[in-house]
Amino acid sequence: MKYITTIGKGTLFRIQIVTLLCLMCLAGGLHSQTAMVNVLNRHKTSLNGDWQVIIDPTGIGEWKQVWQEKKPQKKTDFVEYSFDGGPYLKVPGDFNSQLCELTYFEGTIWYKKRFQNALQVGKRLFLYFGAVNYMADVYLNGEKIGSHEGGFTPFQFEITDKVKPGNNTIVVKVNNSRQANGLPGTGYDWFNYGGITRDVDLIETGNSYIEDYFIQLQKGSLNQVLGWVQLNGAQAPQNIRVKIPELNLLYKTRTDKKGRAKVEFSSRIKLWSPESPKLYKVIVESESDTLADSIGFRSIEVKGNKVLLNGNPIFLKAVNIHEENPYKKARAYSIEDARILLKAAKELGCNFVRLAHYPHSENTIREAEKMGLMVWSELPVYQHIQFSDSVVPKKMDRMLNEIVRRDKNRCGVIVWSLSNETYPGTPNRNEVLINLTAKCHALDSTRLITHVINTHNYKDNTFNVWEPLYKYSDLIAINEYIGWYDPWQGNPSETRWQIAFPDKPVFISEFGGEALYGNNSAPTDEASNWTEGYQEKIYANQTEMFNTIPNLCGVCPWILFDYRSLGRMNQVYQNGYNRKGLLSEKGEKKKAWYIMNEFYKKK
Ligand code: GCB
């Protein structure tokens, strides 16, 4: 705010007017559209690469209207901004890891990219962003086309009527400042990588195109597909064909007046599983569009106190993963990044990954599916969320919609996790999360839905798990850090459990403790030494305790790799890293890794 006090009343008035106009624009609904699905396989031109940027720590670019790219008109004119002469940043990619002056930056960066347009009559053009963290205001040729909030989900704008033949310019104002009423809020234990962190594409379609489809097994069935296809822009009902060449399957259906067609067929499908992650080429055709995808089919359900994959009980051997490439100290986004993280999970012995605490990139989800890893996908409804701010539930709905839309055809995704460690006393919390659960069921009733809770009581070697929100959760997902944040209250193998919902499967979604790799010389019986031995003991005790948990369906250590988190300020041992990794940020295996690996081998 400093610049406001130094630039005089007239300027202050102009800033207020601009702010008011901006608010009016937002109220007028200049929002992005929810993105079409399966962007990977569409007719598109990538806008990835070098983008020019202006670093704007005070936010003054808003007042200067940077997006207008003004140039001096006469000899006495000058313009106090310019993309020319400034740095370039790579898109996709976070900005913090690209320039050292941006390492800890949380604020505004203006991005600019030119593109050539040669759109033919009868075609439509969309500008697609895989993700921008956190706020994006998007301008095309000096005109605002809309905004998007939320750092981990895709969005798009139709620009058919806005592009010019030839040269066009996109300017994006990216702001990664923490928002009190944001998702997540202001406090979280991971690095706030800002920027245009995922792909940007221009997608070309015909007048009517296949916008979305849902092609998965009906809940509980092993051979019956139940879903739909949704067209956009269809003037009249159209014939739709769904083909799976490998199954010799050709299914014909027809859209209704709203462009929607029901899909319902059965076939002798080879089911997807971690042991055999079979994906089929599925082709969806309308009268004017064709789209291919790789789709797997599996059934996931909770029956009594068990999780069943394809009708058989399964133990979920999981690990928590943040979307960070440890070697690059950067936000992970590419297929190569995904493989680094997922291969490490496979090597540990996992069949399941909890992608914490926000939706990871589509590359990760698709790679996991190919590698036979089941996926837990989570919304950043994390700890201190302002449930009583009326805009917050709307943001949740929107984000849920965006992520379910993007990933609902990925059979690897078996869990939608709607919240992590929110607190029972927070006003409106239960009401909002119960509503969100109902909305998730309405969007997709085929997967498990869960809330992760850490507010149990642990006393006299007894866990009392009482949270009423578990009523709305398919899994009793528990984060517990016994041996680290809470000392053991007795012999781990004699732990007792009182669980308010005794008929549901229990999943330990987090446990662990910190250790600095290679720190082996200090006494291992004191937490404050951050030794591998102390962490190893936590894991040995935890794996013993797991035998005492009724209905245990899986466990998930926190976390695979040490990862950056600025709240971790012990400069001897942490140095800006959460050190609960089973692997160091260089990929070195800590002693606890071997305990977990053995445990998974025996499961
Ligand atoms: C938790 C949180 C996770 C933290 C972790 C920790 O309970 O869910 O986001 O990073 O503990 O290391 O404290």
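Values below: every heavy atom of this structure, side chains too, minus hydrogens, waters and symmetry copies. We count ligands from 1, going down the list as the structure has it; atoms in each ligand are counted the same way.
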State yes or no: are the ring centers of Phe546 and Phe511 separated by less than 6.0 Å? yes

Do Tyr382 and Tyr358 have their ring centres less than 6.0 Å from each other? no

If you count only heavy atoms, which residues are under 4.0 Å from ligand 1? Asp189, His357, Tyr382, Asn420, Glu421, Asn479, Tyr481, Tyr485, Glu510, Trp558, Tyr563, Arg568, Asn578, Lys580

Listed by chain and number, what are the side chain to side chain donor-acceptor pair (under 3.5 Å) partners of Thr495, not counting sequence neighbours? none

Results of side chain to side chain donor-acceptor pair (under 3.5 Å) for Arg339 - residues two or more places apart only: Glu367

Excluding sequence neighbours, so at least two apart, what forms ring pair (Phe, Tyr, Trp, His ring centres under 6.0 Å) with Trp376? Phe507

Under the side chain to side chain contact (heavy atoms under 4.5 Å, CB included) rule, what do Lys471 and Phe501 come out as? Steps first, then yes or no, please. CA-CA 7 Å; Lys471 183 171 170 209; Phe501 301 90; 3.8 Å; yes

